[in-house]
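Heads up: the structure comes next, in structure tokens.
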Protein chains: 2
Amino acid sequence: MDAEHVGLREIKKQMTRDAIATAALKLTEQKGLNEVTVDEIAREAFVSPRTVSNYFASKEEAVLAAGDLGIEEVLEEFNSRPSEDPPLKALCELLSDYAREHPEHLRGASKMARLEQLNPTLRPFRIAREIEMVEVLSARVAARTGTNVTTDLYPSMVASAAMSALITSLAIWSCKELPDESLPSLIQDAFNMITAGYPLDRESPDPARTPV
Amino acid sequence: MDAEHVGLREIKKQMTRDAIATAALKLTEQKGLNEVTVDEIAREAFVSPRTVSNYFASKEEAVLAAGDLGIEEVLEEFNSRPSEDPPLKALCELLSDYAREHPEHLRGASKMARLEQLNPTLRPFRIAREIEMVEVLSARVAARTGTNVTTDLYPSMVASAAMSALITSLAIWSCKELPDESLPSLIQDAFNMITAGYPLDRESPDPARTPV
DNA sequence: AAGATACTTGCAGATCCTGCAAAGTGCTGT
DNA sequence: ACAGCACTTTGCAGGATCTGCAAGTATCTT
């Protein structure tokens, strides 16, 4: 069995997974998640209700799977590129590059944000996924810097700060309806605020804030 | 109707709420949340199953309600004490003072952390609560500093960083089984790392890390 | 081609959650 | 005190979710 070789089985599996997720997302956009039943999603995706449960533990997870950014890939890259740069610098570059090169994904993210406001049931699950990523990231930061996740403050706090920079940037960018091009620099601003130690809380009277 | 006057009704309501939450926590500690049914919780708390649903939307929320720290109160104090100090400084003081004065609550927190590892269903709900607090905090930071939650990076990032400092400190303190007295200074270390701009990511080669 | 393996499906049972209406309990004004 | 009001508890019914299990179907390996 080659590592290259992807069987028909794998392909079909991915296809039904996508079909279910897409169906869930579509129906949710139409009627709101509360009005959508698993049976409906199943019908829309041309599978049995039982199969839906085989792929997702709940409606919510199905919807979220559809709105998935490729952030996992970014973390993957962070992992596989063992540069000597300090973690926050590397992450800043990776994320702002990603924002520059894949604006589609990020448009999708802001769509999901709106969907989440309309369907609060989604929140806990989305956030749980976010936290999982932070934990993965913490471990990698620790590995890179020779620190220890369970005993040092550093790795967890860096991971959390980086995620916060990304999420906050996205929220502001989406809320202000800024053009795609401005997102990368907004992300850089956020990271700068982190490494600058949150100027408003130090000597400088003027915060690094983006004016309205 | 005085603002002071608390009717018998209110008292009873709070009591049944506590009874249900306590019952949920107790049973979960005994058998694991998966093996606990709402009916059981109801029996343990001497109420009908329907009443359990009246108070909590799910078993998970009932369990979490039992392990509630008094962090809301701390935020309350942050709100009601309009000092001129920068937010991160004020929060650092408030939280480390709180850790010094109410170690019981924080012991409870680390118990809940263990419970959460054993019962992963709890995670999404706990985290969702955390995020809610971050959002409240963001709003207050914004109000204090004259910034805007929806257009400025500053308030959300500060709130998130502060929560991260608290959570990470608690995790490490709990994991290392440190004495109660050391928690406040650990929290201060975490806040120092924030305002110092995460030393490892700047010029200093030596991170502000706590050695094993 | 044939056996092993993995995916899909239907069904049954347990549980959860909600609306509704009836009964119980605390509250308020006279 | 007591009558009327408001809120809470409760049981019941119905719809929905989730899981294990067993049978059927498709894919993979040799």
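Residue numbering restarts at 1 for every chain, and letters A, B, ... go by the order of the sequence lines.
- By the 30° and 60° cut-offs, the orientation of the rings of B:Y154 relative to A:Y198 is perpendicular.
- Side-chain to base pairing of B:R50 with D:dT10: no donor and acceptor N or O lie closer than 3.5 Å to each other.
- A sub-4.0 Å separation between OP1 or OP2 of C:dT8 and a side-chain N or O of A:T16 is present.
- Judged by the 6.0 Å and 45° rule, B:R144 forms a cation-pi pair with B:F78.
- Map B:T37 and B:L8 each onto its nearest nucleotide of DNA chain C; the residue landing nearer the 5' end is B:T37.
- The shortest distance between the side-chain N/O atoms of B:K13 and the OP1/OP2 oxygens of D:dC7 is not below 4.0 Å.
- Residues A:P49 and B:A57 each lie close to DNA chain C; by heavy-atom proximity, the contact nearer the 5' end of the strand is made by A:P49.
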Report each atom pair, protein N/O against N/O of nucleotides 1-3 of chain D, whose distance is under 3.5 angstrom.
none

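- Within 3.5 Å, a donor on the side chain of A:R9 pairs with an acceptor on the base of C:dT5, or the reverse.
- As rounded to whole Å, 12 Å separates atom P of D:dT9 from atom CZ of B:R17.
- When rounded to the nearest whole Å, the span between CG of A:N54 and P of D:dA26 equals 17 Å.
- Note on B:K12: a side-chain N or O is less than 4.0 Å away from OP1 or OP2 of C:dG26.
- With rounding to whole Å, A:E35 atom CD is found 12 Å from D:dT17 atom P.
- A:V52 comes within 4.0 angstrom of nothing in the nucleic acid, heavy atoms only.
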Return a table of donor-acceptor pairs under 3.5 angstrom between the side chains of residues 60-74 of chain A and protein atoms on other chains or two or more places apart.
residue	atom	partner	partner atom	Å
A:E60	OE1	A:S58	OG	3.4
A:D68	OD1	A:R129	NH2	3.0
A:D68	OD2	A:R129	NH2	3.0

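- As rounded to whole Å, 13 Å separates atom C1' of D:dC18 from atom CD of A:E60.
- Between A:Y55 and the phosphate of C:dC7, there is no side-chain N or O to OP1/OP2 separation shorter than 4.0 Å.
- Atom CZ of A:R43 is separated from atom P of D:dA16 by 10 Å (rounded to the nearest Å).
- Atom NZ of B:K59 and atom C1' of C:dT15 are 8 Å apart (whole Å).
- Taking only side-chain atoms of B:T51, from C-beta outward, the nucleotide of D:dT17, D:dT9, C:dC7 with the closest atom is D:dT9.
- Between A:L27 atom CG and D:dA16 atom C1' there is a gap of 16 Å when expressed in whole angstrom units.
- In this structure a side-chain-to-backbone donor-acceptor pair under 3.5 Å is present from A:R140 to A:L75.
- In this structure, the side chain of A:S48 engages the main chain of A:T51 through a donor-acceptor pair within 3.5 Å.
- B:T37 and B:D39 share no side-chain donor-acceptor pair at under 3.5 Å.
- Donor-acceptor pairing under 3.5 Å is lacking for the side chains of B:S182 and B:S185.
- Taking the six-membered ring where the residue is Trp, B:H105 and B:H102 present parallel rings, their angle staying beneath 30° rather than reaching 60°.
- Among the nucleotides C:dT9, D:dT10, C:dG26, the one closest to the side chain of A:V47 is C:dT9.
- Rounded to an integer number of Å, the gap from A:D39 CG to C:dT8 P is 17 Å.
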